[in-house]
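The next block holds one structure in the form of structure tokens; read it before the comments.
Because only heavy atoms are used, hydrogens play no part in the values below, and waters and symmetry mates are left out as well, while side chains stay in.
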Amino acid sequence: MCSSSFDMAAALSAAARSPADRMIADVLLDQSVLPGCGNIIKNDALHRAAVDPNRHFVEGSPCDIAYIKHSIAFTKYKRFVVNEQFFQR
């Protein structure tokens, strides 16, 4: 997920093939869908997107998916900037 070769469209396609009863939180933590996504990124992204982590992924509207996608990108960027600032001290 942090690699420059990461393809969000492919990840969303893989997520869409998830079983209907999977919760959004479980889909985000699935390393075959979002490699490198852990609890911190999952929690930040879902919180920012105001999406209930217990909701099933198939119940997510396209708007929810867009918010989650944006939130993951923002969280990834935020973590990178914080780490860079820490190591430049």
Side-chain angles (χ1 to χ4, degrees):
M1 190 174 101
C2 293
S3 169
S4 60
S5 64
F6 175 72
D7 184 4
M8 181 61 85
L12 290 174
S13 176
R17 293 189 300 270
S18 293
D21 62 343
R22 278 189 96 183
M23 293 185 299
I24 290 176
D26 292 339
V27 172
L28 292 179
L29 288 176
D30 184 344
Q31 297 300 298
S32 67
V33 174
L34 286 174
C37 183
N39 278 320
I40 294 173
I41 292 175
K42 175 202 68 157
N43 292 341
D44 280 359
L46 291 175
H47 177 74
R48 288 182 188 285
V51 173
D52 180 3
N54 295 315
R55 195 164 72 196
H56 291 118
F57 185 79
V58 295
E59 295 171 0
S61 70
C63 186
D64 289 340
I65 303 307
Y67 277 131
I68 292 169
K69 178 181 169 183
H70 174 75
S71 297
I72 288 172
F74 177 80
T75 302
K76 199 169 81 168
Y77 171 78
K78 183 179 80 170
R79 298 278 176 219
F80 175 76
V81 169
V82 169
N83 285 338
E84 285 294 309
Q85 290 173 348
F86 176 77
F87 287 112
Q88 289 178 359
R89 291 182 184 175

Open item on the list: Show, in sequence, the C-alpha distance, side-chain angles and deciding distance for Lys42 and Leu46, and conclude whether the side-chain contact (heavy atoms from CB on, under 4.5 Å) test is met.
Closed with: CA-CA 6 Å; Lys42 175 202 68 157; Leu46 291 175; 3.9 Å; yes
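Residues Ala11 and Val33 share a closest heavy-atom pair of CB-O, 3.2 Å. Scanning all heavy atoms of the two residues, the minimum distance from Met23 to Asn54 falls at CG-O, 3.4 Å. Between Ser32 and Ala14, the closest heavy-atom pair is O-CB, 4.5 Å.
The distance from the CG atom of Asn39 to the CG atom of Asp44 is 10.5 Å, given to the nearest 0.5 Å.
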